[in-house]
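Comments concern the structure below.
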Amino acid sequence: MKAIKILISGMIFCSMLISCSNSNDKIQAENEKFIENYFKLFNEHKWKELSELYVENAEFKDPTFGNGIVKQSKAEFIKKYTELNQVLPDLKDKVIQIYPSGDKNMIVEFVSTGTAPDQSKFELPISTIFTIENGKITKDFTYYDNFEEAK
């Protein structure tokens, strides 16, 4: 009888593990599609639609903001990317790899390309950690070398 209880407990435990794993896989797949849509909107320069993927006052970490975390509204996000797009009209991002990290974070490795105002072409490798909660980006932590010329 004790062996049967242990067997049943083991089966329930395994079932729970499989259920959690399947749930996590589903969330990661949904988040990956979310990120693919994000970069589609980015490359189409649809800044308003892109801003709708964020919560109001999302947290950003970006070399252009200096060190630390900055909260930015959707309106500020749209303004920033509209101005950037005026300086870099052919700005595009090519996703290299998406790395799921748990059920909330997606790490994205990509290369940003475009033509600078002096007509020089650039390629900038970037990594961003997106935190996605309830279908919206709450954190966007971006890392790259900030175009500093060698001195």
Side-chain angles (χ1 to χ4, degrees), residues 6-116 120-148:
I6 292 172
L7 181 61
I8 291 173
S9 295
M11 289 172 51
I12 291 171
F13 179 72
C14 287
S15 175
M16 288 172 41
L17 281 178
I18 290 168
S19 175
C20 288
S21 176
N22 288 342
S23 176
N24 197 29
D25 289 347
K26 182 180 177 202
I27 291 168
Q28 287 179 351
E30 289 171 0
N31 285 345
E32 191 162 341
K33 285 182 182 173
F34 181 92
I35 293 300
E36 288 168 357
N37 183 53
Y38 178 97
F39 281 93
K40 177 182 178 290
L41 292 172
F42 184 94
N43 286 332
E44 293 172 353
H45 302 164
K46 293 184 175 179
W47 310 125
K48 178 163 181 7
E49 292 90 336
L50 193 61
S51 76
E52 294 302 320
L53 300 181
Y54 289 85
V55 296
E56 188 64 37
N57 296 312
E59 294 181 6
F60 291 85
K61 190 182 278 189
D62 186 313
T64 61
F65 296 135
N67 295 330
I69 296 170
V70 173
K71 287 195 175 198
Q72 199 174 37
S73 70
K74 291 178 183 182
E76 290 169 319
F77 176 92
I78 293 167
K79 182 178 186 286
K80 174 187 174 182
Y81 281 99
T82 299
E83 290 173 356
L84 180 65
N85 197 198
Q86 289 170 349
V87 175
L88 306 167
D90 62 343
L91 181 64
K92 296 280 185 220
D93 287 345
K94 179 182 177 193
V95 174
I96 305 301
Q97 187 71 43
I98 299 173
Y99 307 94
S101 179
D103 63 350
K104 291 183 182 178
N105 296 311
M106 299 297 281
I107 302 165
V108 184
E109 175 187 6
F110 60 101
V111 175
S112 189
T113 60
T115 306
S120 64
K121 301 282 185 186
F122 70 87
E123 285 189 7
L124 180 63
I126 302 174
S127 291
T128 297
I129 302 168
F130 293 100
T131 301
I132 304 167
E133 298 177 87
N134 300 315
K136 298 280 186 180
I137 299 168
T138 59
K139 295 178 184 175
D140 176 329
F141 291 4
T142 298
Y143 302 90
Y144 59 90
D145 185 358
N146 198 15
F147 276 123
E148 300 247 353

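Any value given below was found using the heavy atoms of this structure, including those in side chains, with hydrogens, waters and symmetry copies removed.
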So CG of Asn134 and NZ of Lys104: to nearest 0.5 Å the spacing works out to 8.0 Å

Hits for side-chain contact (heavy atoms from CB on, under 4.5 Å) against Lys121, two or more places apart or cross-chain, chain-then-number order -> Asp90, Thr115

Across all chains, not counting sequence neighbours, the side-chain contact (heavy atoms from CB on, under 4.5 Å) partners of Val55 are Ala58, Lys136, Thr138

OH (Tyr144) and OG1 (Thr64) are apart, to the nearest 0.5 Å, by 4.5 Å

**OP:** State, with a plain yes or no, whether a side-chain heavy atom of Phe60 is found less than 4.5 Å away from one of Ile137.
**Re:** no

Hits for salt bridge (charged side-chain N to carboxylate O under 4.0 Å, His left out) against Lys94, two or more places apart or cross-chain, chain-then-number order -> none

*For the pair Ile27 and Ile132, evaluate side-chain contact (heavy atoms from CB on, under 4.5 Å) and give the outcome as yes or no after the intermediate values.*
CA-CA 10 Å; Ile27 291 168; Ile132 304 167; over 6 Å; no

Rounding to 0.5 Å, atoms CD (Glu49) and CD1 (Ile78) come to a distance of 8.5 Å

Donor-acceptor pairs under 3.5 Å, side chain of residues 105-114 to any protein atom, not counting sequence neighbours: which ones?
from: Asn105; atom 1: OD1; to: Thr131; atom 2: OG1; distance (Å): 2.7
from: Glu109; atom 1: OE1; to: Tyr99; atom 2: OH; distance (Å): 2.8
from: Ser112; atom 1: OG; to: Asp93; atom 2: OD1; distance (Å): 2.9

Residue set satisfying side-chain hydrogen bond (donor to acceptor under 3.5 Å, both in side chains) with Glu56, at least two apart, ordered chain then number -> none

Quick note, salt bridge (charged side-chain N to carboxylate O under 4.0 Å, His left out) partners involving residues 59-74, not counting sequence neighbours, are Glu52-Lys74, Asp62-Lys80

### Query
Can the ring centres of Phe130 and Phe34 be said to be less than 6.0 Å apart?
no

Across all chains, not counting sequence neighbours, the side-chain hydrogen bond (donor to acceptor under 3.5 Å, both in side chains) partners of Lys46 are Glu44

The side-chain contact (heavy atoms from CB on, under 4.5 Å) partners of Ala116 (sequence neighbours excluded) come to Asp118, Ser120

dist Gln28:CD -> Ile98:CD1 (nearest 0.5 Å) comes out at 11.5 Å

With sequence neighbours left out, the residues meeting ring-ring contact (aromatic ring centres under 6.0 Å, His included) with Phe77 are Tyr54, Tyr81

Residue set satisfying salt bridge (charged side-chain N to carboxylate O under 4.0 Å, His left out) with Lys92, at least two apart, ordered chain then number -> none

Does the plane of the ring in Trp47 sit parallel, tilted or perpendicular to the ring in His45? Use 30° and 60° as the thresholds.
parallel

Across all chains, not counting sequence neighbours, the side-chain hydrogen bond (donor to acceptor under 3.5 Å, both in side chains) partners of Asn67 are none

Has Thr82 got a side-chain atom pairing as donor or acceptor with Lys79's backbone, closer than 3.5 angstrom? no

d(Glu133 CD, Asn31 CG) to nearest 0.5 Å is 10.5 Å

Sorted by chain and number, sequence neighbours left out, side-chain contact (heavy atoms from CB on, under 4.5 Å) with Asn57 holds for Ser73

